[in-house]
Amino acid sequence: MINARTFKGARDFLPEQMLHRERITQIMRNVFKKYGFAPMETPAIEYLDVLTGKYGEDADRLIYRLDYKTGTKDAAALHYDLTVPFSRVVAMNPHLAVPFKRYQIQPVWRADRPQPHQGRFREFVQCDCDVVGTSSIVVDAELVAITYEVLKMLGFNEFVIKINNRKILNGLTQYLGLSPDMTGEVCRSIDKLDKISWEEVAKELLEKGISNDAIKTAETLLTKSEISLSSLSSAFAAIPEALEGIRELEDMFTYLECMGVDAANYTFDLSLARGLDYYTGPIFETKLPNHPHIGSLTGGGRYDNLIGTFTGKSMPAVGTTLGLDRIYTAMEQLEMLVPMKTSTQVLVANFSEATVIPCLQLVAQLRSIGVCTEFYPEQVKMKKQFAYADKQNIQYVLILGEDELRQGKVSLKDMRTGEQVIIGLEEIEREINK
RNA sequence: GACAUUGUAGCUCAGUUGGUUAGAGCAUCGGAUUGUGGUUCCGAGGGUCGUGGGUUCGAGCCCCAUCAUUGUCCCCA
């Protein structure tokens with residue numbers, strides 16, 4: 001016998017999960033389309049060299065390499081995200097009308113340690129929307145607006161979209177008198193500020209060889225609960241790159257406000273870093289402040305140099321990912337998902353041999369007017385059929401038995417209230433839509 | 001990859017200083033005079049106690065190994 005089991009970090013989704021997941025992605029699709037994004041897909045499998053060298057050293061180790069022909073030019077891997085494959089597509093299709101806006105919903109794979117409670121898996125679904133071909137910060141703002149709109153529609157209230165800019169972080173490193181190649185290290189440490197105290201971060205920075213002076217300087221900027229962009233711009237007055245980043249964010253916030261995004265749900269956060277190497281401009285990430293153990297729900301940013309790694313010519317691009325599994329995990333833990341086992345609204349009971357034909361005609365009629373209807377396939381006790389409806393959370397049971405057939409009527413029971421009425425066929429639709 | 005945690009029925013767990021035939025709740029299935037669920041009552045099935053060694057007259061319990069789990073870190077959606 002073979003031990004039936006799922007691969008570590010991968011999951012099956014039964015109907016009660018899939019109904020929710022489909023609802024979530026449907027909301028996303030609708031919002032993406034409303035903002036002018038069109039669907040796209042890329043293969044799950046890519047040549048290894050297409051993927052490597054874009055994410056940073058740590059992340060490269062998490063790419064799922066396939067054993068197939070290792071060490072050859074054909075070395076392959078499962079895609080680690082959807083942004084890099086998308087960039088490859090853009091590089092291969094130079095005549096795309098820009099700005100090109102696409103969304104893409106597919107599983108991705110990462111070879112790290114699963115932590116389901118935090119919403120971390122090896123196989124998980126990313127829902128990306130990206131725009132290439134424009135440097136306008138308007139689209140960066142639109143991506144944040146999309147994130148806001150989707151999360152609001154799903155019923156989230158206490159979420160924060162943190163926004164920062166790689167240009168500001170580069171400026172910060174300069175400001176601290178550190179060499180540019182320290183930016184990554186410094187960012188990784190300060191990024192932890194939402195989880196650990198400044199003292200612990202400072203200790204980590206010291207271990208990384210950052211001078212005490214630099215740490216002291218950093219402290220004045222990072223330990224203010226919320227440092228404003230304007231106060232930062234006076235601190236960074238002599239650093240042109242940082243000033244540019246600050247201006248971009250000021251514009252972004254203006255746009256967000258006029259698009260009606262609630263300021264309670266987004267904030268500038270100097271400590272937001274994001275690990276992926278390819279980001280160049282604004283970056284953003286959504287967290288639930290009351291549930292910090294759940295990783296970021298969404299994350300994205302501008303990556304103006306990524307497509308250039310395939311073409312040699314840089315091309316502005318910005319995108320964000322909505323993490324279906326993170327969102328789902330959060331909704332599960334916050335008890336935002338009402339139990340659902342089926343879309344069926346009406347179960348027609350199978351009373352006897354003599355009523356099968358009229359029942360099937362009734363079922364067809366209900367389906368033709370868009371009512372999701374099931375006919376119980378076997379003639380078993382009513383008790384069993386009602387118990388099935390109950391277990392499946394089907395709201396209505398319809399009986400067309402011999403008595404009803406004689407009267408030309410049906411019995412309709414509302415399983416939630418327990419009420420049962422005898423009505424004519426033409427009244428069914430009105431009754432279940434009551 | 002580092003540290004910690006836990007492995008007993010499908011699930012959640014009891015199981016005394018080591019002592020007969022390993023228990024409960026939930027879930028599943030069947031029944032309570034044959035046209036009605038979610039409440040109740042009765043009954044049934046289901047476990048080589050993660051695996052392999054060792055100690056012992058005797059191991060679910062003690063020892064060693066191994067596999068797996070879960071959590072934190074790292075990093076991320």
Side-chain angles (χ1 to χ4, degrees), chain A residues 3-5 8-9 24 28 55-63 79-83 105-128 147 151 184-185 187-189 191-192 195-196 200 204 272-277 279 283-288 292-301 319-330 339 347 349-352 355 376 379-405 410-420 422:
Chain A
N3 181 11
R5 61 210 193 279
K8 190 187 177 77
I24 295 168
M28 290 178 186
Y55 307 107
E57 249 177 72
D58 286 337
D60 270 5
R61 277 188 281 113
L62 300 178
I63 294 173
H79 58 208
Y80 175 89
D81 71 356
L82 302 178
T83 308
I105 299 176
Q106 283 184 253
V108 303
W109 292 269
R110 295 186 186 177
D112 66 351
R113 175 110 195 253
Q115 287 181 51
H117 187 64
Q118 298 176 14
R120 304 175 59 127
F121 307 95
R122 285 181 173 172
E123 177 181 89
F124 60 97
V125 173
Q126 291 197 324
C127 313
D128 277 37
T147 304
L151 292 176
E185 285 294 337
C187 287
R188 267 190 284 280
S189 294
D191 192 42
K192 294 175 196 167
K195 276 188 168 178
I196 62 177
E200 291 168 283
E204 200 175 300
L272 172 68
R274 300 195 49 73
L276 301 182
D277 276 4
Y279 292 119
I283 49 179
F284 21 89
E285 175 171 299
T286 306
K287 295 282 294 182
L288 298 176
H293 71 276
I294 300 174
S296 45
L297 264 44
T298 83
T320 195
T321 301
L322 309 187
L324 175 60
D325 296 272
R326 286 286 166 80
I327 290 171
Y328 183 84
T329 300
L347 175 73
N350 191 338
F351 193 74
S352 69
T355 58
Y376 200 90
Q379 280 150 36
V380 294
K381 291 181 191 170
M382 285 299 112
K383 180 186 172 71
K384 228 183 150 167
Q385 303 193 31
F386 274 83
Y388 172 76
D390 182 51
K391 267 189 266 186
Q392 290 290 93
N393 275 318
I394 298 171
Q395 192 181 354
Y396 293 101
V397 176
L398 217 162
I399 301 181
L400 180 50
E402 267 131 36
D403 294 348
E404 288 85 355
L405 201 55
V410 296
S411 295
L412 181 69
K413 178 161 180 173
D414 184 334
M415 298 293 279
R416 291 188 197 164
T417 61
E419 282 168 26
Q420 184 164 327
I422 297 179

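Just so you know, these numbers come straight off a predicted model, no measurement behind them. Here is how names work: the chains are called A, B, and so on, in the same order as the sequence lines, proteins then strands, and each is numbered from 1. What you see below is based on every heavy atom in this structure, not just the backbone, and it leaves out hydrogens, waters and symmetry mates.
- In terms of phosphate contacts, Lys384(A) brings a side-chain nitrogen or oxygen within less than 4.0 Å of OP1 or OP2 of G30(B).
- Side-chain atoms of Lys391(A) stay outside donor-acceptor range of the base of G37(B), with no qualifying N/O pair under 3.5 Å.
- G35(B) and A14(B) have their P atoms separated by 47 Å, given to the nearest Å.
- The partner of G60(B), taking Watson-Crick or G-U wobble pairs whose two distances both stay under 3.5 Å, does not exist in any strand shown.
- Rounded to an integer number of Å, the gap from NE2 of His117(A) to C1' of C76(B) is 17 Å.
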List, with names and distances, any nitrogen or oxygen atoms from the protein found under 3.5 Å away from nitrogen or oxygen atoms belonging to nucleotides 1-7 of chain B.
unit_1, atom_1, unit_2, atom_2, d
A2(B), N6, Arg113(A), NH1, 3.4

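- Between C75(B), G37(B), U72(B), one nucleotide has an atom nearer to the side chain of Met415(A) than all others, and that is G37(B).
- Separating the C1' atom of G60(B) from that of A4(B) is a span of 24 Å, rounded to the nearest Å.
- Evaluation of the salt bridge (charged side-chain N to carboxylate O under 4.0 Å, His left out) test over residues 106-120 of chain A, restricted to residues two or more places apart or in two chains, returns Asp112(A)-Arg120(A).
- The partner of U51(B), taking Watson-Crick or G-U wobble pairs whose two distances both stay under 3.5 Å, is A65(B).
- Taking atom C1' on both nucleotides, C74(B) is separated from G10(B) by 36 Å, rounded to a whole Å.
- Closest to the side chain of Phe386(A), out of G38(B), C73(B), U36(B), is U36(B).
- Using N1 to N3 plus N6-O4 or O6-N4 for Watson-Crick, or N1-O2 and O6-N3 for G-U wobble, each under 3.5 Å, A2(B) pairs with U72(B).
- With hydrogens and angles ignored, no donor-acceptor pair closer than 3.5 Å exists between the side chain of Arg110(A) and the base of C75(B).
- A 4.5 Å side-chain heavy-atom check between Leu400(A) and Phe351(A) finds every atom pair outside the cut-off.
- Below the 3.5 angstrom threshold, one finds no donor paired with an acceptor across the side chain of Asp390(A) and the base of G38(B).
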Which protein N or O atoms sit under 3.5 Å from an N or O of nucleotides 33-35 of chain B?
unit_1, atom_1, unit_2, atom_2, d
G35(B), O6, Asp403(A), N, 3.1
G35(B), O6, Asp403(A), OD1, 3.2
G35(B), O6, Asp403(A), OD2, 2.5
G35(B), N1, Glu404(A), OE1, 2.9
G35(B), N1, Glu404(A), OE2, 3.1
G35(B), N2, Glu404(A), OE2, 2.6

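- Residue Arg274(A) has a polar side-chain atom (N or O) positioned under 4.0 Å from OP1 or OP2 of A77(B).
- For A44(B), the paired base is U28(B) (Watson-Crick or G-U wobble, both distances below 3.5 Å).
- Base pairing analysis places U20(B) opposite nothing; no Watson-Crick or G-U wobble pair with both distances below 3.5 Å involves it.
- Within the 4.0 Å cut-off from OP1 or OP2 of U69(B), at least one side-chain nitrogen or oxygen of Lys8(A) is found.
- Picking from G37(B), A77(B), C75(B) the nucleotide with the shortest atom distance to the side chain of Lys383(A) gives G37(B).
- Remark: the separation of the P atoms in U39(B) and G25(B) is 16 Å, to the nearest Å.
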